[in-house]
> 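Can you read through this structure? Questions will come right after.
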There are 2 protein chains.
Amino acid sequence: MSKLDSGMMQIKCVEVAELLKSLAHPSRLMITCYLSEGEKTVGELQELCDISQSQLSQFLGRLYREGIVSSRREGQFSYYSIKSKDVLKMLESMQKIFC
Amino acid sequence: MSKLDSGMMQIKCVEVAELLKSLAHPSRLMITCYLSEGEKTVGELQELCDISQSQLSQFLGRLYREGIVSSRREGQFSYYSIKSKDVLKMLESMQKIFC
DNA sequence: TTAATATATTAGTATATTATAATATATTAA
DNA sequence: TTAATATATTATAATATACTAATATATTAA
């Protein structure tokens, strides 16, 4: 583990803390965990996560704005998935440690 | 990666989201990152993290209440360290991924 | 005992987040 | 075109968080 100088440390901590904040809610974490298995529609997520339509949509909107997920529309459905490899790695290592 | 049933999934997500929330602030993340190298005094952390005495103490208090760090007093100094192996693993894997 | 150092606590304001209900939009099926 | 389904947006009240300044406590040194 190479050490960062204090300036870089600050920058990294701001950046990573933002990611943690995005994930730091039971429902948002659950959403992203399920998405780590692969792309899902809003409806599928709603089944899996058991939260209200409005909240799910708001959480997805937030995760999207914060760059955690990407989305594509195909006809009636919106498909969401994890946007970055690093976030995926992070989700996987959390699953290894805690699940 | 074995799959959890939805009840266990809920429980794990609540638990891990709490941890993420504890770490989801640039200063709290920095504090815990430095502590992942080993026990430190409040004064040492203050040097390293460059935050006000009051905030540092409040953040340490919160991390303590939330079970992330443990502390011991030795004379004039308070020593803090990461309390759980799992949190340590988590911090290390974040460093591997993002630093 | 007093002063200095290390750390903790309290109070107050500003801002952010959560949850819910209501409403809006887009797409497909009848 | 209308109804139904899938998803998004807005408004709002309740709660939590962040930051600062001020004050308090405990320990050591003089």
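To find a chain, count down the sequence lines: A is the first, B the second, and so on, and within it residues start at 1.
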> Between dT20(D) and S52(B), is there an OP1 or OP2 to side-chain N/O distance shorter than 4.0 Å?
no
> Does R28(A) put a side-chain nitrogen or oxygen below 4.0 Å from OP1 or OP2 of dT17(C)?
no
> So S78(B), base contact, sugar-phosphate only, or nothing? Heavy-atom distance under 4.0 Å.
sugar-phosphate
> Please report, rounded to the nearest Å, how far the C1' atom of dT17(D) is from the CG atom of L20(A).
16 Å
> Looking at every strand, decide which applies to Y64(B) at a 4.0 Å heavy-atom threshold: base, sugar-phosphate, or nothing.
nothing
> Under a 3.5 Å cut-off for both distances, is dA30(D) Watson-Crick or wobble paired, and to whom?
dT1(C)
> What's the closest nucleotide to the side chain of S54(A) if the choices are dT20(D), dT7(C), dA21(C)?
dA21(C)
> If each of Q58(A) and G43(A) is mapped to the nucleotide of DNA chain D with the nearest heavy atom, which maps nearer the 5' terminus, i.e. the 5' end?
G43(A)
> Quick check on dA19(C): is either OP1 or OP2 less than 4.0 Å from any side-chain nitrogen or oxygen of Q55(A)?
yes
> R73(A) has an atom CZ; how far is it from atom C1' of dT5(D), in whole Å?
11 Å
> What is the distance, to the nearest angstrom, from the CD1 atom on I51(B) to the P atom on dT20(D)?
11 Å
> Applying a 3.5 Å limit to both distances, which nucleotide forms a Watson-Crick or G-U wobble pair with dA21(D)?
dT10(C)
> R65(B) has an atom CZ; how far is it from atom P of dA16(D), in whole Å?
13 Å
> Consider side chain to side chain contact (heavy atoms under 4.5 Å, CB included). Of L88(A), V87(A), V69(A), L91(A), which one does L35(A) pass it with?
V69(A)
> Is any side-chain heavy atom of Y34(B) less than 4.5 Å from a side-chain heavy atom of C49(B)?
yes
> Distance check needed: dA6(C) C1' versus L56(B) CG, whole Å only.
11 Å
> Given dA16(D), is OP1 or OP2 found less than 4.0 Å from the side-chain N or O atoms of K21(B)?
no
> Just how far, in rounded Å, is C1' of dT17(C) from CG of L63(A)?
14 Å
> One pair to check against side chain to side chain donor-acceptor pair (under 3.5 Å): S54(B) and Q58(B). What are the steps and the verdict?
CA-CA 6 Å; S54(B) 179; Q58(B) 288 185 61; 3.1 Å; yes
> Figure out the CD/P separation between Q53(A) and dT23(C), and round it to whole Å.
15 Å
> With DNA chain C as reference, determine whether Q76(A) or S27(A) sits nearer its 5' end, using the nearest nucleotide of each.
S27(A)
> Taking the side chain of V42(B) as its heavy atoms from C-beta onward, which of dT17(C), dA8(C), dT17(D) lies nearest to it?
dA8(C)
> Measure from the side-chain heavy atoms of F77(B) and tell me the nearest of dA6(C), dC19(D), dT27(C).
dA6(C)
> Using whole Å, what does the distance between atom C1' of nucleotide dT9(D) and atom CG of L60(A) come to?
14 Å
> Should L48(B) and M30(B) count as side-chain neighbours, where that means a heavy-atom distance under 4.5 Å?
no
> Can you tell me if the side-chain N/O atoms of Y79(A) get under 4.0 Å from OP1 or OP2 in dT7(D)?
no
> Run the side chain to side chain contact (heavy atoms under 4.5 Å, CB included) check on Q55(B) and S52(B) step by step: do they pass?
CA-CA 5 Å; Q55(B) 273 222 86; S52(B) 77; 3.3 Å; yes
> With a 4.5 Å heavy-atom cut-off, do H25(A) and F59(A) have their side chains touching?
yes
> Check whether any side-chain nitrogen or oxygen of R62(A) sits under 4.0 Å from OP1 or OP2 of dT18(C), and answer yes or no.
yes
